[in-house]
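Note sheet for the following structure.
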Amino acid sequence: MNNIEIAASFDQLADLLEIDGANAFRVRAYRNAARTIEGIAESLAGVQIAQLTEIPGIGDDLAKKIVELMTTGQLTMLEELKAKVPAGVVQMLLLPGIGPKKVAQLHKELGITSLAQLKQAAELGGVASLKGFGKKTEQTILEGIASLDQQGVRFYLADVVPLVQQIAADLSKVPGVSQISPAGSVRRLKETIGDLDLLATSEDANLVMDALAAHPLVESVIARGPTKQRVRLKSLSNPMTPGAQGHKPEMDLRVVPEKSFGAALQYFTGSKEHNVVTRRLAKEKGLMLNEYGLNKGEEYYLGRTEEEIYAELGLVFVPPELRENREEFGWKTSADVPKLITEGEILGDLHMHTTESDGTASLEDMIAAARARGLKYIAITDHSKRVFMANGLNEERLLKQWEEIRRIREKYDDIKILCGVECDILENATMDLSDEVLAQADWIIGVIHFGLKQAPDLITKRLLTAIENPYVDCIGHMTGRLIGKRPGAQFDVETVFAAAKEHGVMLEINAHPARLDLSDVHAAKARAMGIPIVINTDSHSTYGFEMLQWGIAQARRAGLSAENVANAWEFEKFEKSLRRNQKK
DNA sequence: GCCGTTTTCGGCCCGACTGTTTTCAGTCG
């Protein structure tokens, strides 16, 4: 059982306990532990109880439960609760506006054990008669069930950022609006986004809310109070997020007075886990932090900017991307804060395709686009032969392509062009191209496209084969975490990363929004181990370089700075750092 | 269930909005 599965078990346990009426803080302990375990890159398999309790939020009890899960693959307490609370009851938690208390009530008083039964009861009007329920709640339930297949969509960051930016730009022109900013997970640059947050300061909240309600991207208003409005946007016209076609993102707009902008921005940016700590720290200092400011007693004290709040709490300013209650509260001075990589620092792109395999632009066009983008070096990395559907190159075609690259690159003195290949690591743990050919390249990315479902020890073995091959410079497509139920290959991260470190092999963050291959947690681990990362666009067209921003977002969330990112280095330094050149 | 230069017990972040209510519980973020 891996860490993600442990976290899922604890989340499941928390759901069940909640419906069972357990102490809310006990439930929170399980949820906190789940978040913590998710964020740990090292496998907890085989870790002793004494070490587990060193993890914040894990005490004796949870440590024992982790060991039980690791050794037996299940948890007695979880099985007992599952027997007590039917799965259909837990599903009711997915209904908006229906929480554990109401679910428990429906289960106990009406004996409902499935969504189907609930639908039937609501249609017959049996739900409205319960105490605390009414006609409106019944309607909410029916609407919730009707749209349940629309629930749970998390959009790629790349799908929603343009929407938020457009709406923010338009609302900034509304009279009385002085400041406006995206908040929430969009501002933290999370790879997937549940719903959107927008914060504004204005003399007249009603004007801003009216403008949002009338915005062309907005379909309907879900709720509206004096300071807060929730709207449903129109569905995305052409989403990259799989399964998002027809789904409608929701957006919260919050309007606060100007003196509260920093406090509100801090609060609505989150994460929730980060905020719980900032509020606790405020309390320890005899202050109270809410979205209106840092208060002394009942009195507003400050809150115009985030900076003054962090300073007053005795904290260094934490970049939004790193507000996850991981390490940020341990930073003492600004020197402890990673100087996060920016798009402008990227000098090279080491993964792109041409019409020779499945790209849509020629070699010359890709070079022109890279130069226009200001890149100082690039690698042409078409597919190897095994990827036949992408017209992958065999040895003969590849050598011919490199010959052409060597001829063409003489023309340019403002950009270095490397002869590369995205070489598949086959199911039988051999490379798709012969060593003789690989030896002639300037840059090789080893990737797995086939047999992703092999057992973890086999995937590990394949990755090690590539890492131990003297000509492979980088491993790409590594810990793919595609949205939905399509996990990437499973392998022993500890072993593979250690081997990459030992052999001087780099790891790739693929900037394509649909396959941010190195998760932020794993990229952070690579950083801690001193393994260089490259952030590549995997461009298949001359427009592909625009995707770099999403790779940068991922890298920032992993706390990477230019020194961790090999393609942010000057070409000479980058070239010298390749292990194929270190031996010379 | 976790945690401790206030503590091994008694805390655990805080507020908006809704619907069902006559003062608030539940849900959500």
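By convention in this document, chain letters (A, B, ...) are assigned in the order of the sequence lines, proteins followed by strands, and residues within each chain are numbered from 1. All values below were derived from every heavy atom in this structure, side-chain atoms included, with hydrogens, water molecules and symmetry-related copies excluded.
Within the structure, a side-chain polar atom (N or O) of T137(A) is placed less than 4.0 Å from OP1 or OP2 of dT20(B). For the pair R254(A) and dG29(B), the criterion of a side-chain N or O lying under 4.0 Å from OP1 or OP2 is not met. At dC12(B), one or more side-chain N or O atoms of K283(A) fall inside 4.0 Å of OP1 or OP2 (strictly under the cut-off). Considering only side-chain N and O atoms, T53(A) lies nowhere under 4.0 angstrom from the phosphate OP1 or OP2 of dC2(B). One finds a side-chain N or O of R28(A) lying less than 4.0 angstrom from the OP1 or OP2 phosphate oxygen of dC13(B). Taking 4.0 angstrom as the limit, R279(A) places none of its side-chain polar atoms (N or O) nearer than this to OP1 or OP2 of dC13(B). Side-chain nitrogen and oxygen atoms of K65(A) include at least one within less than 4.0 Å of the OP1 or OP2 phosphate oxygen of dG1(B). Side-chain N/O atoms of N275(A) include none lying less than 4.0 angstrom from OP1 or OP2 on dC13(B).
Considering only side-chain atoms of K136(A), the nucleotide from dG1(B), dT20(B), dG29(B) that sits closest is dT20(B). In this structure, of dG26(B), dC2(B), dC14(B), it is dG26(B) that holds the atom nearest to the side chain of K102(A). Checking dC14(B), dC13(B), dT20(B) against the side-chain heavy atoms of R280(A) singles out dC13(B) as nearest. Nearest nucleotide to the V276(A) side chain, out of dC17(B), dC13(B), dG15(B): dC13(B). Closest contact between the side chain of Y292(A) and the listed nucleotides dG15(B), dC13(B), dT20(B) involves dG15(B). With dC17(B), dC12(B), dC2(B) as the candidates, the nucleotide lying closest to the side chain of A223(A) is dC17(B). Here dC17(B) is the nucleotide among dG26(B), dC17(B), dC14(B) with the atom lying nearest to any side-chain atom of P226(A).
Nucleotides dG26(B) and dT20(B) are separated by 10 Å at their C1' atoms, to the nearest Å. Atom C1' of dT21(B) sits at a distance of 15 Å from the matching atom of dC17(B), rounded to the whole Å.
Both the sub-6.0 Å distance and the 45° axial angle are not jointly satisfied by K65(A) relative to the ring of F10(A). For the pair R323(A) and F317(A), the cation sits on the ring face: its NZ or CZ lies under 6.0 Å from the ring centre, inside 45° of the axis.
Judged by distance alone, with hydrogens and angles left aside, the side-chain atoms of Q51(A) form a donor-acceptor pair with the main-chain N or O of Q48(A) at under 3.5 Å.
The glycosidic torsion of dT7(B) lies within 90° of 0, which places this base in the syn conformation.
Across all strands, L95(A) comes closer than 4.0 Å only to sugar-phosphate atoms, never to a base (heavy-atom distances). If you check every strand for non-hydrogen atoms under 4.0 Å, T227(A) touches sugar and phosphate atoms only.
No side-chain heavy atom of K285(A) sits less than 4.5 Å from a side-chain heavy atom of E312(A).
Annotation: K101(A), atom NZ; neighbour count of heavy atoms from other residues, nucleotides and ligands within 6.0 Å does not exceed 12.
In terms of position on DNA chain B, the residue among P100(A) and I58(A) whose nearest nucleotide sits closer to the 5' end is I58(A).
The base of dG29(B) is paired with the side chain of Y267(A) by a donor and an acceptor separated by under 3.5 Å.
Here the CG atom belonging to L171(A) is positioned 10.0 Å from the CD atom belonging to Q166(A), to the nearest 0.5 angstrom.
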